[in-house]
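Here the structure comes first, spelled out in structure tokens, and everything after it is commentary.
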Amino acid sequence: MSDAAEARVRGWLRRLLRLTSLRLRLVTVFAVVALVAAVSVSGIAYWLNRDAVLTRAQNAALRDFRDSLGDQASALPEAPSCDDLRGMAHDVANNTLNYLVVLVSDGDDGLICTAESNPSAFRLETIPDSLMDAVREPREGDGSTTYHMYWQRITLNGDPYLIGGGQVMDGGPTGYMLASLAPERDDLNSLAWSLGIATALAVIGSVLLAQAAATMVLRPVQRLSDAAQRLGDGELDTRLQVRGADELAELTRSFNHAAASLERRVQDLSAREAASRRFVADMSHELRTPMTAITAMTEVLEDEVDNLDPMIAPAVQLVVSETRRLNDLVENLMEVTRFDAGTARMVLDEVDMADQVTACIDARAWLDAVHVDAPRGVLALLDPRRLDVILANLIGNALKHGGSPVRVTITEEGSDVLVEVADHGPGIPEEVLPHVFDRFYKASASRPRSDGSGLGLSIALENAHLHGGDIAARNGPDGGAVFTLRLPREASPPEEEQLPGSDSGRRAAGTTERDAR
């Protein structure tokens with residue numbers, strides 16, 4: 001993945017984290033609660049005011065129509081003509097509430113007379129049939145309540161209206177009125193807009209309050225997060241000032257206590273680790289001098305083994321082999337202590353990878369057992385001695401635990417050089433693969449004492465890391481173990497994090513002096 005693609009991915013992740021942040025969730029909860037509360041209150045207020053406004057308007061119109069209809073009906077003759085009804089309709093419609101009137105009367109001659117105060121706006125055909133049926137239907141009771149006033153809300157040409165009707169008692173005409181509810185509709189629309197604006201302001205205010213509350217609540221949490229980050233980066237002396245006596249203050253005290261305990265524990269572990277390293281280093285150096293003398297004596301004995309008593313010769317051979325094994329172990333321990341103490345150095349030189357592999361194999365007389373597939377001209381800036389150590393450990397391990405022939409393949413991959421060492425053995429058990437580079441690890445618990453020390457692959461991995469590379473182990477598809485060494489063309493020792501308080505640097509960058517083995 002390119003740097004630009006990685007930057008885009010990191011940007012998306014940061015935006016996603018912001019979208020799921022605690023601050024956003026807190027503000028969202030406040031806003032949703034405020035919105036639900038404001039909408040509920042505004043809705044209830046609107047419907048209560050709507051009912052009150054419409055009820056008041058219709059009651060006023062119906063009461064005025066009933067009273068006016070009764071007053072005007074009392075002035076009619078016993079057998080009113082259509083002209084009398086028209087005059088009554090105009091008189092009833094002459095009111096302060098601006099409603100229109102239609103009067104209907106059944107004459108003695110069977111003719112129906114209809115009087116309309118404004119035929120162009122309110123006619124008999126405008127009245128709903130359901131309302132006319134309700135007005136004509138007689139009610140049981142005394143004569144004063146034989147007929148009743150009925151009303152209904154309708155919409156004409158998109159405007160709301162109230163239409164009511166009733167029949168004058170004792171054979172009087174039937175009257176209908178039409179009153180516009182447009183003023184009430186406008187008042188209710190204004191009320192709805194006012195409530196909507198109030199709801200929006202309430203939500204905005206709640207968001208601002210939530211933001212302020214989130215800032216006040218999350219500031220201590222952010223301080224804890226920053227302190228935890230510094231603690232994770234190795235600043236074990238990080239402490240926070242305790243403020244107040246609430247839950248956050250108690251959390252701060254717990255953090256300070258945990259940080260202090262961790263600092264003491266790490267200092268103790270660092271001191272023990274340093275003491276252990278010093279012990280191994282001192283022991284290795286102390287053993288080196290007598291081992292040099294013992295090695296010299298065993299070499300003399302080995303030269304004279306043919307002249308010794310046949311009963312003594314096997315014992316001398318055993319002493320020689322065990323002495324060499326012990327000498328290798330001391331050298332490996334000294335190398336490990338250099339890595340642990342951060343004193344391992346590299347002497348870089350441009351090498352041809354094919355020549356380096358061939359030289360390693362030739363120096364150890366492995367030419368007949370190793371097949372090399374390496375093109376010439378693959379150059380890399382590496383430490384030749386440490387590269388030889390890596391190759392010797394990988395190829396030697398393949399020859400010892402795998403099967404011949406061992407194949408060494410060199411390929412190029414971008415800015416890296418890959419060296420693959422494959423054998424024809426049974427392979428590595430899956431449960432062993434994660435541990436093959438561990439120090440002193442041996443796959444067979446029944447053979448704790450073998451020719452190797454259990455440090456070879458670990459030292460090879462450390463040398464690869466020192467170059468800025470790595471080694472991976474796997475099983476080949478056709479059987480056998482495959483170790484892949486990946487090294488950069490130009491060694492760049494990585495900067496590794498250290499345990500806080502530790503006096504060791506696991507990866508030393510740089511290189512001008514060669515350390516002896």
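Any value given below was found using the heavy atoms of this structure, including those in side chains, with hydrogens, waters and symmetry copies removed.
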Could you walk me through whether V33 and V29 pass the side chain to side chain contact (heavy atoms under 4.5 Å, CB included) test, one step at a time?
-> CA-CA 6 Å; V33 171; V29 169; 4.3 Å; yes
If we only count heavy atoms from C-beta on, is the [X] to [Y] side-chain gap below 4.5 Å?
| X | Y | value |
| --- | --- | --- |
| S40 | V36 | yes |
| T409 | V421 | no |
| F65 | L97 | no |
| V92 | Y99 | yes |
| V419 | L487 | no |
| F437 | S458 | no |
| N393 | N463 | no |
| L54 | E184 | yes |

Answer yes if the side chains of Q241 and R223 hold a donor-acceptor pair under 3.5 Å, and no otherwise.
-> no
Looking at [X] and [Y], what are the two nearest heavy atoms and their distance?
| X | Y | value |
| --- | --- | --- |
| A464 | L485 | CB-CD1, 3.9 Å |
| V135 | Q167 | CG1-N, 4.1 Å |
| Y150 | A134 | CE1-O, 3.2 Å |
| A61 | M177 | CB-CE, 3.7 Å |
| A259 | T238 | CB-O, 3.8 Å |
| M149 | G165 | SD-O, 3.2 Å |

Give a yes or no answer on whether the side chain of [X] reaches the backbone of [Y] with a donor-acceptor pair at less than 3.5 Å.
| X | Y | result |
| --- | --- | --- |
| H467 | P488 | no |
| N475 | I428 | yes |
| N256 | L240 | yes |
| T126 | F122 | no |
| T55 | D51 | yes |
| S194 | S190 | yes |
| D268 | R264 | no |
| S206 | V203 | yes |
| D470 | R486 | no |

Please walk me through it: do D91 and D71 pass side chain to side chain contact (heavy atoms under 4.5 Å, CB included)?
-> CA-CA 10 Å; D91 291 339; D71 293 341; over 6 Å; no
Would you compute the distance between atom [atom1] of [X] and atom [atom2] of [Y] and round it to the nearest 0.5 angstrom?
| X | Y | atom1 | atom2 | value |
| --- | --- | --- | --- | --- |
| L201 | L208 | CG | CG | 10.5 Å |
| N98 | N118 | CG | CG | 11.5 Å |
| I127 | D133 | CD1 | CG | 11.5 Å |
| Q72 | D84 | CD | CG | 11.5 Å |
| N95 | L100 | CG | CG | 8.5 Å |
| L461 | L394 | CG | CG | 9.5 Å |

For the pair D237 and E235, evaluate side chain to side chain contact (heavy atoms under 4.5 Å, CB included) and give the outcome as yes or no after the intermediate values.
-> CA-CA 5 Å; D237 58 345; E235 301 179 22; 4.0 Å; yes
Would you please test L124 and M132 for side chain to side chain contact (heavy atoms under 4.5 Å, CB included) and show each step?
-> CA-CA 10 Å; L124 183 63; M132 297 178 67; 4.0 Å; yes
Could you list the residues that satisfy salt bridge (Lys or Arg N to Asp or Glu O under 4.0 Å) with D438, not counting sequence neighbours?
-> none
Can E462 and R386 be said to form a salt bridge (charged side-chain N to carboxylate O under 4.0 Å, His left out), step by step?
-> CA-CA 10 Å; E462 293 284 359; R386 294 191 179 277; over 6 Å; no
More than 12 non-hydrogen atoms from neighbouring residues, nucleotides or ligands closer than 6.0 Å to CZ on R253, yes or no?
-> yes
